[in-house]
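Note that ligands are numbered from 1 as they come in the structure, with each ligand's atoms numbered from 1 the same way. Keep in mind that what you see is a predicted model, and the values were worked out from it rather than measured.
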Amino acid sequence: MDIRELAVEGWHRVVRVEDRESGLIGIISVHDATLGPGCGGCRMFPYASFAEALEDAKRLSRGMTFKNALAGIPFGGGKSVIIGDPRTDKSPELFRAFGRALNELNGLYYTAEDSGVSERDLEHTREVSRWVSGIGAKGKGGNPSPFTAHGVFRGIEAAARAKFGSAKLEGRCVAIVGVGAVGMALARRLNEAGAKLVVADINAAAVDEAVKAFSATPMSPEDAVGADVDIFSPCALGGAITAERVRRLKAKIVAGGANNQLATPAMDEAMRAADILYAPDYVINAGGVISVGLEILGTWDAADLTRRLDNIGVTLTRLFERAARENRPTGAVADEMAMDVLKRAAQAA
Ligand code: NAD
């Protein structure tokens, strides 16, 4: 195992890991460890270059610093990437080698699933390393998607209260783009609450399932952006909010489970200017990492987790109130609130 330190200004520790025998080449990036060890998933992707992989690892680990700080869990921001095609380059040995790389960091970083990496892959990592979470939880944690969806649902309620004066979702129209693990679970909650649903996905089978289960209206992803709804909920991949789409949105709220929803940072202010209330992605979608964090701490408990997931709505309400008072975009206020948490922790240390 070859572990090489990469000097990255502003990051706590970044290492390049390589194991010739298994073909592992990856990066483990810990952006900040003020609140505790870095915690965040491992992504496998066929990056075009090492530089591209490094940029992604840096960006994602920094995002986790902010997410974990506002989620109220004692973890810093970490993320790892494996360079390779998840369809063709996986092997048990590769994920065991990744586990040996984790061991070299000796607890500075805990990993979990992210795109391209499954629970099954991480079972191999766990054979050799204890710094893995979110798998094999035997009813105490495990797959984070339902918890993420629960938090997003509470976040949507908070946004509705702030924007429409009532958290009640009965009769409200919500367009969900991406009815995968998170989007489908969210659709179920919204349907139970009496909301009317528009659903869009590039996977026709997922759309059919939502149409049948929730009497949802199917639409193409592009049409869903301009749909006549109250709430637009991005639950697919990143970059859903572009300048052109902000102009087309009829929804007054953007609140969904996807990571990195803003195509550029300027979209934060663009939504404020368009009078659209944006629930910052890393605040509203923190439910999964909260469950993973509690698992790592060994304190996972269903009632405590539910309280923490419900609290995502409380955090967002505070955030919306502050943004309204200061007439500032919600994403900027979220970043500032997270920085405040880190500053207080650093002072207390
Ligand atoms: P998933 O793969 O189960 O679902 C994603 C869905 O989006 C799929 O049905 C896919 O077909 C669809 N999709 C992909 N590209 C699309 C496009 N261009 N237009 C419309 N639909 C498209 O993934 P997931 O676990 O549900 O995660 C969804 C999002 O939530 C991701 O951005 C993920 O990073 C984020 N997230 C997930 C969790 C979690 O607990 N799973 C936690 C935090 C954030």
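A salt bridge between Arg248 and Glu222 is present, with a side-chain N of the basic residue lying under 4.0 Å from a carboxylate O of the acidic one. Salt bridge annotation for Asp56-Arg43: present, with a cationic side-chain nitrogen under 4.0 angstrom from a carboxylate oxygen. Salt-bridge formation is not detected for the pair Arg4/Glu18: no Lys NZ or Arg NE/NH1/NH2 atom is positioned less than 4.0 Å from an Asp or Glu carboxylate oxygen. In summary, Arg308 and Asp310 do not engage in a salt bridge, as defined by a charged side-chain N under 4.0 Å from a carboxylate O.
Transitive grouping of hydrophobic side chains (ILVMFWY, heavy atoms separated by less than 4.5 Å) brings Ile290 and Leu316 into a common cluster. When hydrophobic clusters are built by joining Ile, Leu, Val, Met, Phe, Trp and Tyr residues whose side-chain heavy atoms come closer than 4.5 Å, directly or via intermediates, Met1 is not grouped with Ile27.
Counting the atoms of ligand 1 from 1 in the order shown, those under 4.0 Å from a heavy atom of Asn259 are 32 (O), 33 (C), 34 (O), 35 (C), 36 (N), 44 (C). Atoms of ligand 1 found under 4.0 Å from any heavy atom of Asn203, numbered from 1 in the order shown, are 11 (O). Atoms of ligand 1 found under 4.0 Å from any heavy atom of Pro144 (numbered from 1 in listed order, with element): 40 (O). Heavy-atom contacts of Pro221 reach the following atoms of ligand 1: 19 (N), 20 (C) (cutoff under 4.0 Å). Taking a cut-off of under 4.0 Å to the non-hydrogen atoms of Ala258, the atoms of ligand 1 that pass are 29 (C), 30 (O), 32 (O), 35 (C). Set against the non-hydrogen atoms of Val177, the atoms of ligand 1 under 4.0 Å away are 20 (C).
At under 3.5 Å, not a single nitrogen or oxygen of Asn285, backbone or side chain, sits near a nitrogen or oxygen of ligand 1. Ligand 1 has an N or O atom lying under 3.5 Å from an N or O atom of Val182, backbone or side chain. In terms of polar-atom proximity, defined here as any N/O pair under 3.5 Å, Gly183 makes no such contact with ligand 1.
Using modelled atom types, one finds no donor on one side chain facing an acceptor on the other under 3.5 Å when comparing Tyr282 with Asn68. Side-chain contact check for Asn327 and Arg272: at least one donor-acceptor pair (N or O, by modelled atom type) lies under 3.5 Å.
Cation-pi geometry between Arg172 and Phe164 is met: under 6.0 angstrom from the ring centre, within 45 degrees of the axis.
Nearest protein neighbour of atom 1 (P) of ligand 1, counting heavy atoms only, is Ala181 N, 3.9 Å. Among protein heavy atoms, atom 11 (O) of ligand 1 sits closest to Asp201 OD1, 2.6 Å. Shortest contact from atom 41 (N) of ligand 1 to any protein heavy atom: Ser145 OG, 3.2 Å. Ranking the protein heavy atoms by distance from atom 42 (C) of ligand 1 puts Thr148 OG1, 3.3 Å first.
At distances below 3.5 Å, not a single donor-acceptor pair connects side-chain atoms of Ser29 with backbone N or O atoms of Ser61.
When every heavy atom of Val30 is checked against every heavy atom of Ala33, the shortest pair comes out as CG1-CB, 4.5 Å.
Residue Ile202 holds the heavy atom nearest to atom 21 (N) of ligand 1 of all those in Asn260, Ile202, Leu237, Asp281. Of the candidates Ser115, Gly178, Gly180, Gly238, the one placing a heavy atom closest to atom 4 (O) of ligand 1 is Gly180. With Ala224, Ser220, Ala236, Cys235 as candidates, the residue nearest to atom 31 (C) of ligand 1 on a non-hydrogen basis is Ala236.
The shortest separation from a heavy atom of Gly257 to ligand 1 is under 4.0 Å, placing the residue in contact.
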